[in-house]
Number of protein chains: 2
Amino acid sequence: MSSEVEHVTPKYYLLKTEVLGLMAGLQPGTLIPTERALAEKYSTSRTTVRQAISELVAEGKLGRIQGHGTFVAPPKVTHVRQLTSFSDDARTQGLRPDSTLIALNVLRSDAEAAAHLELEPGDPVTRLERIRLIEGEPLAHEIAWLPGKLPRFKSNLAKAGSLYAVLADVYGVKVADVEDTVETALAGPEDVRLLGIEMGAPLLVVHRLARDAAGAPVEWTRSVFRGDRFRFVSRVKSGS
Amino acid sequence: MSSEVEHVTPKYYLLKTEVLGLMAGLQPGTLIPTERALAEKYSTSRTTVRQAISELVAEGKLGRIQGHGTFVAPPKVTHVRQLTSFSDDARTQGLRPDSTLIALNVLRSDAEAAAHLELEPGDPVTRLERIRLIEGEPLAHEIAWLPGKLPRFKSNLAKAGSLYAVLADVYGVKVADVEDTVETALAGPEDVRLLGIEMGAPLLVVHRLARDAAGAPVEWTRSVFRGDRFRFVSRVKSGS
DNA sequence: GATCAACATTGGCATAGACCAATGGTGTTG
DNA sequence: CAACACCATTGGTCTATGCCAATGTTGATC
């Protein structure tokens, strides 16, 4: 009497649990059975197997490479963000951060950047686009807008690595106050290309507005983090 | 020569763009064509249409009801979290917050709760499980653990509504410092049941640890927010 | 032995079709 | 007029199958 009306929990979800069982105790990187093998083993279709595995990939528990196989993924990277920078955060945890510079130039601000930085559209802004890596793995795509033109910015940044360090030490800009907005999004073609993730993977999109002690905006940044490898931490102390 | 080698962008992703075009200018709540109609209109299969629509639903741009149809979703609710509570946050934005009490009891802490609250496993803790609603819509599932037993907690909480207000006004517990951890997850059967979302929908899972001025933990909470309706904001001022 | 072509394997994308479940309307019945 | 049974519509799940794309191995060739 239990083989007729059991359509409460979808089959693919039960399969997810089965696969989690298979993974228990396996080292990260270990290959699990192929989709076709799992479909046969659990008497289901590959479509259903793929739906189960896709969610486990989205949750960061599995990874997969076309032509190679599906494997147990390494654990999430915990990341702390306070008034510090990406690089400082990573080093605090004993991880090796790195950056790939995609673009750095001075241009006239569009309406959106101008609004956030409290400028007039067309005012000059510095636009910095980078890929942030941890332990060699791309983790985030970041575009930062800074008001005005910063002399010798490129070489200074290359020297120090950390944006916040350069702003403070070279240009005397001290960040006193930041507001982060965190929301979810799904990976599109550009995210796939830049971060090496798969279509539709969940992302954390963080917008940061930093101000100096006088309340003037000094940085507006849009960061796209891999949702499967990243954890966002914010600490707040009671003001007064 | 452009009809052979075009497998760069998946078809379902192109369809997503098409559907976004259809939605332009429509009021929230407006029904879009049925899956079967879209499949025919764009000469594709319902499977492909569903994949496109599923992602738009996950992004909070569409909603759907079985037996009824697929419709344009209302915009995201922005939510501010500082040292304040869910209810205060909502009221600040002129929104009507509400809570449904699922469970409230005193029990012996398990290993996880004990570790976060810096107690011994088995020490008494108060466990508060609620559904948080905004404008009548379920938005989050929240389980809070508080150290020890709080006399007359249930009636006091019912009176004030806000957990933080009760802690401060009735029990003299002042929150001085909170740490929030934000990560993504996908909806399982329990989330589906409690929040009225669909399987596999992206979620924001927030763990909060609150401490008093002496550094003692006073609250540990796990909140599951709908990723399609919610935006997390954290403001940090430079300490000293 | 090194290089390169061919092939098998594995995941990625898409199709067509079937049946279930929830919703809402229609029409009958009391 | 209200209540109820029925039914069409619409999304939800699953199957079976095909071909494409990336990877890695095998084996022939130089």
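All values derive from a computational prediction rather than experimental measurement.
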Using a strict 4.0 Å threshold on nitrogen-to-oxygen distance, state whether A:Arg208 and A:Glu179 make a salt bridge.
no
Comparing nearest nucleotides in DNA chain D, the 5'-proximal residue of the pair A:Ser43, A:Arg46 is A:Ser43
By nearest nucleotide on DNA chain D, pick out whichever of A:Lys11 and A:Arg36 is the more 5' one.
A:Lys11
In whole angstroms, the gap separating P of C:dT15 from CD of B:Glu35 amounts to 14 Å
Mind telling me whether B:Phe86 and B:Phe225 have parallel, tilted or perpendicular rings, with 30° and 60° as the class edges?
parallel
Minimum-distance nucleotide (side-chain atoms of A:Thr48 versus D:dG12, D:dC14, C:dT15)
D:dC14
Using whole Å, report how far CG of B:Leu31 lies from P of C:dG25.
11 Å
Consider only side-chain N and O atoms of A:Glu219 and A:Tyr164, and report whether a donor and an acceptor are under 3.5 Å apart.
yes
A:Ser99 and A:Arg132: side-chain donor and acceptor closer than 3.5 Å?
yes
Can you check the B:Arg50 CZ to D:dT10 P distance for me, whole Å?
14 Å
Of the residues in residues 187-202 of chain B, which ones touch DNA chain C at a heavy-atom distance under 4.0 Å?
none
What residues from residues 53-73 of chain A pass a heavy-atom cutoff of under 4.0 Å to DNA chain C?
A:Arg64, A:Ile65, A:Gln66, A:Gly67, A:His68, A:Gly69, A:Thr70
Do A:His141 and A:Glu129 pair up side chain to side chain, a donor and an acceptor below 3.5 Å, judged on atom types alone?
yes
Using a 4.0 Å heavy-atom cut-off, does B:Thr47 contact any base of the nucleic acid, only the sugar-phosphate backbone, or nothing at all?
base
